[in-house]
Amino acid sequence: MTRFQAPRGTQDVLPAMQPYWQAVLDAVREVARLHGLQRIDTPIFEDAGVFEKGSGDTTDIVEKEMYVFEDRGGDRLALTPEGTPAIIRAYLEHGMGSWPQPVRLYTTHPMFRYDRPQKGRYRQHTQFDCEVLGSADPLVDAEVITVLWRLYSMLGIRDITVRLGSLDDLEPRRAYVEQLKEYYRPHLSRLSEDSQRRFERNPLRLLDSKDERDLPFKEGAPKLLDHLSPAAREHHEAVRAALTAAGVKFVDDPLLVRGLDYYNRTVFEVVPDDDTRAQGTIGGGGRYDGLVGLLGGPPTPGIGFGTGIERIILEMQKHGVVFEPAPGTEVFIVHRGEGSGPAAIRLAAALRDRGVAAVIGESGRSLKSQLRSANALGARAALIVGEDELARGVALIKPLMGDGEQQAVPMEAAPEAAVRLLRGE
RNA sequence: GCGGGCGUAGCGUAGUGGUUAACGCGUCUGAUUGUGGCUCAGAAGAUCGUGGGUUCGAAUCCCACCGCUCGCCCCA
């Protein structure tokens with residue numbers, strides 16, 4: 001009999017890791033409140049078309065990483081590989097276009113991508129996703145970036161930089177890409193295999209190559225940021241000015257290209273200053289003014305980001321963020337002998353009615369063993385109900401912190417006595 | 001999809017051709033009959049990732065597969 005394992009690229013979040021998750025989720029909630037973001041939850045799976053149309057069916061995410069399946073009714077469904085198209089689907093489905101604009105939404109949602117796992121990359125991960133729909137204002141771009149910035153700072157993550165780029169609008173970008181291809185075409189045979197592929201598939205990525213064979217050509221290549229259309233140039237400058245005003249540490253990154261087709265104008269990533277690996281990126285996003293239209297809606301501008309909670313936690317650990325053990329059991333109920341079980345249950349219920357965390361020892365274990373459990377759980381007091389106590393109608397209350405004496409109290413008064421003891425008499 | 005590293009009790013490790021695979025932590029039990037932490041004693045817990053090969057003999061050497069992990073492509 002082979003034992004089961006968690007599927008490749010998935011992980012169990014064990015109790016010891018929960019404080020990190022709790023801290024991140026708390027911070028997400030708080031930063032969302034501060035920025036006026038409203039929570040939305042979309043299904044784990046969607047019609048596969050939402051992503052094929054939305055994310056773009058030539059993107060890696062859709063082409064090689066999406067979990068697609070047919071359900072018993074014959075519908076083609078996909079496990080959510082990224083949040084934006086799903087949220088836009090909901091925006092359109094529920095007529096959010098007639099809510100006060102812009103609509104500011106966020107979620108934390110599991111994402112699924114069939115990819116080779118490695119540090120910071122999993123087949124199931126969780127993203128904090130934020131989307132603001134219905135505004136083309138560059139101030140909104142900056143505001144969205146400050147959501148990320150504030151979140152990271154709340155969590156003790158420092159030494160990070162926002163990389164800021166602009167992909168211009170669709171038409172001017174096409175012209176630029178032609179220019180770029182013209183520049184590279186004569187050198188094609190001397191480029192790396194990766195870059196030869198990029199030339200066809202995603203020419204913008206040519207500039208992002210780290211291969212030695214490609215480096216000599218990068219220098220003279222036309223840079224997107226130097227060839228922006230006037231409107232995109234103005235937008236980009238406005239975002240920069242706003243980020244400066246907000247105190248966000250950022251740099252222009254003329255090579256920033258993102259793996260999704262729908263972005264235009266502002267794109268950004270947040271990377272740790274000491275991490276150059278691709279999956280060092282802890283968050284990223286951009287503007288997508290054409291996407292709502294692609295999904296069948298009226299022309300509606302939008303911008304958003306995703307940030308991986310697992311990566312945030314890795315970064316927190318790198319920064320030495322640690323948590324006090326969460327306060328657990330307050331009162332441990334030790335019981336022994338005939339009829340003590342129901343008495344213990346009754347005590348536990350009475351304690352919980354008073355808001356006290358109570359755990360009952362296991363039947364049949366010695367007092368010593370049960371008290372050891374109490375100690376292991378960090379309980380601050382024990383209530384002991386044995387044969388003698390049952391016969392006398394009392395419970396023993398024993399302080400486990402400090403050096404108080406244990407004493408007998410009437411059974412009915414025991415819960416209140418425990419509460420008083422926890423309060424410090 | 002490509003390349004590197006690693007698989008020994010729940011966890012961390014030792015053992016690198018020779019009896020019943022060792023240690024620490026953790027778990028459970030006990031230290032005069034009903035009392036935690038510290039200490040002490042004992043116990044349970046391992047098909048040495050799986051399968052094949054070499055050998056008188058394999059955790060140890062070889063091969064394949066599986067898994068984990070790190071990096072590349074790409075992404076959070």
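Proteins come first, then strands; the chains are lettered A, B, ... in the order of their sequence lines, and each starts at number 1. Heavy-atom basis, side chains included; hydrogens, waters and symmetry copies ignored.
- Classification of the A/Tyr288-A/Tyr263 ring pair by plane angle, with boundaries at 30° and 60°, yields tilted.
- Rounded to whole Å, atom P of B/A76 lies 15 Å from atom CD1 of A/Ile145.
- Nucleotide B/A46: unpaired (no Watson-Crick or G-U wobble partner with both distances less than 3.5 Å).
- Rounded to a whole Å, the NZ atom of A/Lys119 is 13 Å from the P atom of B/C72.
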Are there any protein N/O atoms within less than 3.5 Å of an N/O atom in nucleotides 6-8 of chain B, and if so, which ones and at what distance?
none

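- A/His227 and A/Tyr176 have tilted rings, their planes meeting at an angle from 30° to 60° on a 0 to 90° scale.
- Shown here, B/G12 forms a base pair with B/C23; the pair counts as Watson-Crick or G-U wobble because both key distances fall under 3.5 Å.
- For the side chain to side chain contact (heavy atoms under 4.5 Å, CB included) criterion with A/Phe128, the lone passing option out of A/Thr307, A/Val24, A/Leu25, A/Ile312 is A/Thr307.
- Rounded to an integer number of Å, the gap from A/Arg8 CZ to B/C70 C1' is 12 Å.
- Taking the P atoms as reference points, B/A14 lies 14 Å from B/G49, given to the whole Å.
- If you take atom P in B/C73 and the same atom in B/A21, they sit 48 Å apart, rounded to whole Å.
- The gap from the C1' atom of B/C48 to that of B/A58 amounts to 11 Å, rounded to the nearest Å.
- Heavy atoms of A/Gly337 sit nowhere under 4.0 angstrom from any nucleic acid atom.
- Here B/G67 presents its P atom at 18 Å from CD of A/Gln11, a figure rounded to the nearest Å.
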Produce the list of close N/O pairs, under 3.5 Å, pairing protein atoms with atoms of nucleotides 43-45 of chain B; give distances to one decimal.
none

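- Taking the C1' atoms as reference points, B/U20 lies 16 Å from B/G15, given to the whole Å.
- When Watson-Crick and G-U wobble pairs are counted only if both distances are under 3.5 Å, B/A59 pairs with no nucleotide at all.
- Atom pair A/Glu65:CD and B/G1:P shows a separation of 12 Å (rounding to whole Å applied).
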Notebook entry, point to check: Can you give one letter per nucleotide of nucleotides 26-40 of chain B, going 5' to 3': B for a protein heavy atom under 4.0 Å from the base, S for sugar-phosphate only, - for none?
Noted result: --SSBB--BBBB---
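- Under a cut-off of 6.0 angstrom, the local environment of NZ in A/Lys249 is crowded, with over 12 non-hydrogen atoms contributed by other residues, nucleotides or ligands.
- Between A/Arg121 and B/C74 there is no side-chain N or O to OP1 or OP2 distance below 4.0 Å.
- Distance CZ (A/Phe4) to P (B/G49): 21 Å, rounded to an integer number of Å.
- Checking B/G71, B/C73, B/A76 against every side-chain atom of A/Lys64, the shortest atom distance belongs to B/C73.
- Base pairing analysis places B/C6 opposite B/G67; the two distances defining the Watson-Crick or G-U wobble pair are each below 3.5 Å.
- To the nearest angstrom, P of B/C74 lies 10 Å from CG of A/Leu206.
- Judged by Watson-Crick or G-U wobble contacts below 3.5 Å, the nucleotide B/G1 has B/C72 as its partner.
- The phosphate of B/G71 (OP1 or OP2) has a side-chain N or O of A/Gln118 nearer than 4.0 angstrom.
- A/Lys64 forms no cation-pi arrangement with A/Tyr114, by the criterion of a distance under 6.0 Å to the ring centre and an angle within 45° of the ring axis.
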Next item on the list: Show your working on ring pair (Phe, Tyr, Trp, His ring centres under 6.0 Å) between A/Tyr184 and A/Phe199 and close with a plain yes or no.
Entry: CA-CA 8 Å; A/Tyr184 269 104; A/Phe199 183 85; 7.4 Å; no
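- Going from the P atom of B/U39 to that of B/A22 covers 24 Å, rounded to whole Å.
- A salt bridge between A/Asp141 and A/Arg287 is present, with a side-chain N of the basic residue lying under 4.0 Å from a carboxylate O of the acidic one.
- A gap of 27 Å separates the P atoms of B/G10 and B/G17, to the nearest Å.
- Comparing the same atom, P, in B/A76 and in B/C2 gives a spacing of 24 Å after rounding to whole Å.
- Whole-Å rounding puts the A/Asp115 CG to B/A76 P distance at 11 Å.
- The separation of B/A9 from B/A44, taken at their C1' atoms, amounts to 10 Å, rounded to a whole angstrom.
- Summarising the base pairing, B/G37 is matched to no nucleotide, lacking a Watson-Crick or G-U wobble pair whose two defining distances lie under 3.5 Å.
- Annotation: A/Phe45, atom CZ; neighbour count of heavy atoms from other residues, nucleotides and ligands within 6.0 Å does not exceed 12.
- Counting atom types as modelled, A/Arg116 pairs no side-chain N or O with a base atom of B/C74 as donor and acceptor under 3.5 Å.
- Smallest separation of non-hydrogen atoms from A/Pro102 and A/Gly134: CB-C, 4.0 Å.
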